[in-house]
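See below for the structure under consideration.
Here, residue 1 is the first one in the sequence, and each next residue gets the next number. Numbering of ligands and ligand atoms starts at 1, following listing order.
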Amino acid sequence: MAPEKRQPGPARAARTRAVHGSHPVRPGAISTPIVHSATFSFASLDAMNAEQARGAAGAFYQRHGHPTLHACEERLAGLDGAEAALLFSSGVAAIAGVFLSHLEPGDHVVALHQSYGGTHDLLNWGRDHFGWTCDLVDAAAPADWPRAFHKRTKLLHVETPTNPTLCILDLAEAAKLAHARGALLTVDNTFASPVGQRPLDFGADFVMYSATKSIGGHSDLLAGVVTGSRAGIEKVWKARKVFGPVPDPALAWQIERSLKTLALRVEAANANALELALRLAQHPGVVRALYPGLPRHPGHEIAQRQMTLGFGPVVTFEVAGGGAGARATVDALQLVRHAPSLGGVESLASLPAFTSHIQLGPEGRAKAGIPDGLVRLSVGVEDVEDLWADLDQALARACVPRA
Ligand SMILES: *Cc1c(COP(=O)(O)O)cnc(C)c1O
């Protein structure tokens with residue numbers, strides 16, 4: 001695919017594209033007008049048919065697409081270096097949109113053990129209801145992946161960094177492998193965000209996001225995104241039209257508004273996350289801190305090559321004192337809130353062994369490297385000294401320091 005086709009308009013830096021989009025700035029309203037209309041009228045049947053024939057780009061009936069949605073989708077495509085983007089009502093709906101449009105009964109998916117829980121649920125549902133098959137591979141052992149492929153493999157689906165252990169994988173290598181086997185590479189890029197990593201530049205075919213996380217960024221909305229080639233996106237659009245998870249104009253506008261500050265928020269959160277990871281790694285109440293920005297992280301070099309504006313907002317650490325220590329630490333936090341989710345301006349802490357990964361059972365968690373003492377921190381944009389003071393007092397109150 002020619003790079004100039006992937007970047008419409010003048011080549012602007014990500015910060016500029018986030019604020020203004022990729023296209024020439026037009027006179028008129030600075031903020032996209034919200035078009036609250038469920039349907040659209042036409043001067044003639046021919047005009048109506050022509051609009052309907054525009055598919056994903058048309059404004060014919062709101063479930064098919066609408067002007068406020070298109071404005072946001074264009075800006076997202078520009079940020080990701082994609083020909084086209086589609087918004088969905090949730091991140092899971094976005095992932096489902098790609099799988100539903102690209103898998104037939106009997107088709108096979110290679111996905112990571114470390115995939116998002118909702119992605120596992122989707123693959124299991126697809127197995128039970130649509131006849132998809134799936135093999136899971138370890139994000140930390142890419143040498144084993146080729147063995148998981150066979151003739152019916154259509155998708156390699158990955159995440160980097162992974163949740164919650166922040167394993168990093170090489171997207172260019174993953175794309176090479178998938179393409180050599182006649183499969184597509186799909187990347188859930190939620191953790192890095194569009195300004196933190198551009199998987200299409202490394203050969204990915206589709207990129208998905210939970211816009212509920214960094215893209216929305218304020219823990220106040222639920223949405224998803226898919227980006228990719230125009231032809232690929234047109235197929236995904238058909239699935240969105242059939243199943244119907246289309247954000248309404250108010251939500252589309254809210255997401256476009258959030259995009260304008262995405263680079264500022266992500267850079268600030270990532271800088272805070274690195275600083276906290278460095279300090280946590282030295283803390284006597286902490287057994288280990290996992291963060292791709294730490295020089296001794298096994299994925300550090302790949303992350304440096306692959307990620308921009310830092311290493312993501314999530315830091316995971318294991319507290320001394322195991323599960324009881326981790327629970328006491330999170331309970332003692334005053335500023336950092338105890339909640340699932342990530343990528344918001346406010347810092348959140350969660351306990352993977354007791355929440356997102358409880359269904360794995362003790363043995364499954366041991367295999368996945370998720371001890372009971374793990375705390376996942378989604379770092380926000382607060383003052384880093386306030387965040388550190390909160391973590392330090394919580395660890396002091398909760399943990400028996402290492403001998
Ligand atoms: C949250 C999340 C999702 C699901 O997104 P929703 O908006 O909750 O549907 C998918 N992938 C990752 C990596 C996530 O963190």
Side-chain angles (χ1 to χ4, degrees), residues 72 76 80 85-100 109 111-126 136 139 155 157-169 171 174 185-194 196-197 199 204 206-227 236 239-240 243-248 251-252 254-255 258-259 266 269 273 290 292 307 311-316 339-344 346-352 355-357 368 370 376-380:
C72 183
L76 278 161
D80 239 6
L86 287 178
L87 274 172
F88 283 83
S89 306
S90 71
V92 159
I95 300 165
V98 173
F99 288 7
L100 286 165
V109 180
L112 304 179
H113 279 293
Q114 290 91 340
S115 295
Y116 178 70
T119 303
H120 286 298
D121 291 345
L122 176 63
L123 287 166
N124 291 337
W125 180 280
L136 298 177
L155 303 177
H157 179 73
V158 301
E159 299 174 26
T160 178
T162 62
N163 179 41
T165 55
L166 306 175
C167 189
I168 298 290
L169 58 89
L171 289 171
L185 176 67
T186 60
V187 180
D188 180 338
N189 202 32
T190 300
F191 268 53
S193 94
Q197 182 167 266
F206 287 106
V207 182
M208 299 91 134
Y209 297 94
S210 168
T212 314
K213 314 295 167 54
S214 298
I215 290 176
H218 296 73
S219 307
D220 56 7
L221 61 81
L222 187 77
V225 179
V226 179
T227 67
V236 180
R240 192 183 71 177
F243 291 92
V246 182
D248 75 1
L251 179 56
Q254 211 180 344
I255 296 166
S258 299
L259 285 177
V266 165
L290 306 174
M307 301 180 79
F311 300 90
V314 177
V315 178
T316 301
S341 200
L342 62 109
E346 53 288 285
S347 295
L348 305 178
S350 64
L351 296 159
T355 55
S356 54
H357 292 73
I370 302 172
R376 189 189 80 172
L377 194 62
S378 170
V379 180

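Nearest heavy-atom pair, L169 versus A174, reported as atom, atom and distance to 0.1 Å: CD1-CB, 4.5 Å.
Remark: F88 engages no residue in a ring-ring contact (aromatic ring centres under 6.0 Å, His included) (not counting sequence neighbours). Remark: S89 pairs with P245, P247 by the side chain to side chain contact (heavy atoms under 4.5 Å, CB included) rule, at least two apart or across chains.
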Pairs under 3.5 angstrom, nitrogen or oxygen on both sides, ligand 1 versus protein: list them out, please.
| unit_1 | atom_1 | unit_2 | atom_2 | d |
| --- | --- | --- | --- | --- |
| ligand 1 | 5 (O) | S210 | OG | 3.0 |
| ligand 1 | 7 (O) | G91 | N | 2.9 |
| ligand 1 | 7 (O) | S210 | OG | 2.8 |
| ligand 1 | 7 (O) | T212 | OG1 | 2.6 |
| ligand 1 | 9 (O) | G91 | N | 3.0 |
| ligand 1 | 9 (O) | V92 | N | 2.9 |
| ligand 1 | 11 (N) | D188 | OD2 | 2.6 |
| ligand 1 | 15 (O) | K213 | NZ | 2.7 |

I'd like a table of donor-acceptor pairs (distance under 3.5 Å, sequence neighbours excluded) in which one partner is a side-chain atom from residues 210-218, with atom names and distances.
| unit_1 | atom_1 | unit_2 | atom_2 | d |
| --- | --- | --- | --- | --- |
| S210 | OG | T212 | N | 3.4 |
| S210 | OG | T212 | OG1 | 3.2 |
| T212 | OG1 | A223 | N | 3.1 |
| T212 | OG1 | A223 | O | 3.3 |
| H218 | ND1 | G216 | O | 2.9 |

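Under the 3.5 Å distance criterion, the side-chain polar atoms of T227 are left unmatched by any main-chain donor or acceptor of A85.
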| task | Start with the C-alpha gap between L259 and C72, add the side-chain angles, then the distance that decides, and say whether side chain to side chain contact (heavy atoms under 4.5 Å, CB included) holds. | result | CA-CA 9 Å; L259 285 177; C72 183; 4.3 Å; yes

